[in-house]
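Input: a single structure, listed below in structure tokens.
Chain A is the first sequence line, chain B the second, and so forth, proteins listed ahead of strands; every chain is numbered from 1.
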Number of protein chains: 2
Amino acid sequence: MSAVPRALAGPCARWPEDSDFVREVLERAGDKWSTLVVATLEDGPLRYTDIHHSIPGISQRMLTLTLRHLRRDGLITRTSYPEVPPRVEYALTPLGSSLLATVLALAAWAVDHHVEIRRNRARFDAAGE
Amino acid sequence: MSAVPRALAGPCARWPEDSDFVREVLERAGDKWSTLVVATLEDGPLRYTDIHHSIPGISQRMLTLTLRHLRRDGLITRTSYPEVPPRVEYALTPLGSSLLATVLALAAWAVDHHVEIRRNRARFDAAGE
DNA sequence: CAGGATCCATATCGATACTG
DNA sequence: CAGTATCGATATGGATCCTG
């Protein structure tokens with residue numbers, strides 16, 4: 001937010017000038033709940049409660065907030081059916097699907113390397129501390 | 001952390017049983033500073049101060065913490081040369097490089113779609129609120 | 001059923017000052 | 001130069017209660 005010395009303009013420009021926005025997107029992609037919600041919707045539309053039950057540990061508050069953020073970004077849609085009791089379904093948009101594909105690549109990386117990382121952490125903790 | 005009802009075991013298992021760990025890795029990958037540091041090291045080893053100057057906005061504290069975390073995971077190495085004044089270089093490990101490739105794919109997604117997302121957000125804010 | 005509103009604990013982060 | 005230590009602001013997240 002604060003003014004960045006122009007002298008730094010060069011070395012900083014590893015990413016396009018929109019780097020702030022890229023960060024924003026990365027933060028959303030890296031957000032614990034956002035990715036889980038997107039992944040949960042992979043197979044088709046789901047209701048609020050279904051999502052809630054599919055993601056252990058998420059609170060109502062966080063689910064609601066996450067859904068709103070994803071909706072705001074256009075990654076999911078919300079459709080409410082005027083019935084009693086109310087029924088609301090959330091579904092991935094094409095944009096959301098494309099993000100999912102990318103995030104799954106990252107998840108695959110995590111699956112491929114988590115054993116190695118876990119070993120690294122154990123070694124580091126044993127040595128350093 | 002709390003015990004999850006076994007009844008949820010089915011619907012939850014979208015990712016392998018290590019889903020907690022996958023989340024951990026995703027959080028690190030999605031972390032604002034971690035990805036920037038890894039990206040900064042793409043072209044070769046750098047000293048602490050160089051990294052600091054390459055990433056506008058990062059505090060000493062956050063840089064130090066981020067470097068330690070990345071080192072703990074085995075994504076970067078730290079080499080200190082016994083000179084005066086001290087010289088310390090950080091470099092990507094092969095593991096770090098492989099993560100970078102994946103993260104860059106995500107960054108590319110962000111670059112490709114940020115205009116669309118920005119539009120979505122503007123529309124959402126104009127309508128909803 | 002699908003949330004909104006509120007309260008509170010903790011985690012995160014930045015600024016600052018100090019050190020080998 | 002390359003950090004560590006401390007403090008305070010703010011963000012984040014969970015629990016709980018309430019409503020159309």
Side-chain angles (χ1 to χ4, degrees), chain A residues 1-5 8 20 23-24 26-37 40-41 45-72 76-91 124 128-129, chain B residues 1-5 11 20 23-24 26-37 40-41 45-72 76-91 124 128-129:
Chain A
M1 292 307 178
S2 60
V4 173
L8 294 178
D20 278 357
R23 282 189 221 180
E24 264 186 66
L26 282 184
E27 277 168 48
R28 185 145 327 252
D31 175 49
K32 184 178 175 180
W33 303 124
S34 292
T35 53
L36 286 174
V37 168
T40 300
L41 291 176
L46 284 179
R47 305 175 63 165
Y48 181 91
T49 307
D50 292 333
I51 302 176
H52 198 185
H53 286 161
S54 292
I55 304 179
I58 193 171
S59 63
Q60 276 191 345
R61 175 186 149 83
M62 280 304 104
L63 178 54
T64 300
L65 284 178
T66 302
L67 288 172
R68 201 207 322 276
H69 289 149
L70 293 174
R71 211 148 65 84
R72 185 168 108 101
I76 66 174
T77 59
R78 190 194 108 117
T79 312
S80 79
Y81 301 89
E83 305 172 355
V84 179
R87 183 164 62 101
V88 177
E89 285 191 344
Y90 292 91
F124 185 90
E129 193 182 16
Chain B
M1 294 306 176
S2 60
V4 174
D20 279 357
R23 283 190 222 179
E24 264 186 67
L26 283 184
E27 278 167 47
R28 184 146 329 256
D31 175 50
K32 182 180 177 180
W33 302 124
S34 292
T35 54
L36 287 175
V37 168
T40 300
L41 291 176
L46 284 179
R47 305 174 64 163
Y48 181 91
T49 307
D50 293 334
I51 302 175
H52 197 186
H53 286 160
S54 292
I55 303 179
I58 193 170
S59 63
Q60 277 192 341
R61 176 186 150 83
M62 281 303 106
L63 178 54
T64 300
L65 283 178
T66 302
L67 288 172
R68 200 202 330 269
H69 289 148
L70 293 174
R71 211 147 65 85
R72 186 168 107 103
I76 66 175
T77 58
R78 190 194 108 117
T79 312
S80 80
Y81 300 89
E83 305 171 358
V84 180
R87 182 164 64 100
V88 177
E89 283 191 345
Y90 292 91
F124 185 90
E129 191 185 17

Ignoring the backbone of [X], work out which of [options] is nearest its side chain.
{"X": "B:R78", "options": "C:dG14, D:dC17, D:dG3", "value": "D:dG3"}
{"X": "B:V88", "options": "D:dG3, C:dG4, C:dA2", "value": "D:dG3"}
{"X": "A:T64", "options": "D:dG20, C:dG4, D:dG14", "value": "C:dG4"}

(message) Taking the side chain as everything from C-beta on, heavy atoms only, tell me whether A:F124 gets closer than 4.5 Å to B:H69.
(response)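 When only atoms from C-beta onward are counted, B:H69 and A:F124 do not touch, as no gap falls below 4.5 Å.
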(request) For residues A:I58 and A:L36, determine if any side-chain heavy atom of one lies less than 4.5 Å from a side-chain heavy atom of the other. (result)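 A side-chain contact is absent here, since even the closest heavy-atom pair is not under 4.5 Å.
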Within this structure, what is the [atom1]-to-[atom2] distance between [X] and [N], rounded to whole angstrom?
{"X": "B:L63", "N": "D:dG3", "atom1": "CG", "atom2": "P", "value": "8 Å"}
{"X": "A:R68", "N": "C:dA2", "atom1": "CZ", "atom2": "C1'", "value": "13 Å"}
{"X": "A:E83", "N": "C:dC1", "atom1": "CD", "atom2": "P", "value": "13 Å"}
{"X": "A:I58", "N": "D:dT12", "atom1": "CD1", "atom2": "P", "value": "15 Å"}
{"X": "B:Y90", "N": "D:dG3", "atom1": "OH", "atom2": "C1'", "value": "8 Å"}
{"X": "B:Y48", "N": "C:dT19", "atom1": "OH", "atom2": "C1'", "value": "13 Å"}
{"X": "B:R61", "N": "D:dG8", "atom1": "CZ", "atom2": "P", "value": "14 Å"}
{"X": "A:E89", "N": "C:dA2", "atom1": "CD", "atom2": "C1'", "value": "13 Å"}

(request) Could you walk me through whether B:L70 and B:Y90 pass side-chain contact (heavy atoms from CB on, under 4.5 Å), step by step? (result) CA-CA 10 Å; B:L70 293 174; B:Y90 292 91; over 6 Å; no
(request) Respond yes when some side-chain nitrogen or oxygen of A:R47 is under 4.0 Å from OP1 or OP2 of C:dA2, and no when none is. (result)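 Checking C:dA2 against A:R47, a side-chain N or O does come within under 4.0 Å of OP1 or OP2.
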(message) Looking at D:dA2, I'd like to know if its phosphate oxygens (OP1 or OP2) sit under 4.0 Å from a side-chain N or O belonging to B:T49.
(response)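 For D:dA2, OP1/OP2 do have a side-chain N/O of B:T49 under 4.0 Å.
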(request) Taking all non-hydrogen atoms of both residues into account, name the closest pair between A:P45 and A:E89 and its distance. (result)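 What the structure gives for the nearest pair is CB-OE1, 3.8 Å.
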(request) Nearest-nucleotide wise, let me know which of B:P86 and B:M62 is further upstream toward the 5' end of DNA chain C. (result)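 By nearest-heavy-atom nucleotide position, the 5'-most residue is B:M62.
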(request) Give a yes or no on this: more than 12 heavy atoms of other residues, nucleotides or ligands lie within 6.0 Å of atom CZ of B:R78. (result)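 More than 12 within 6.0 Å, yes.
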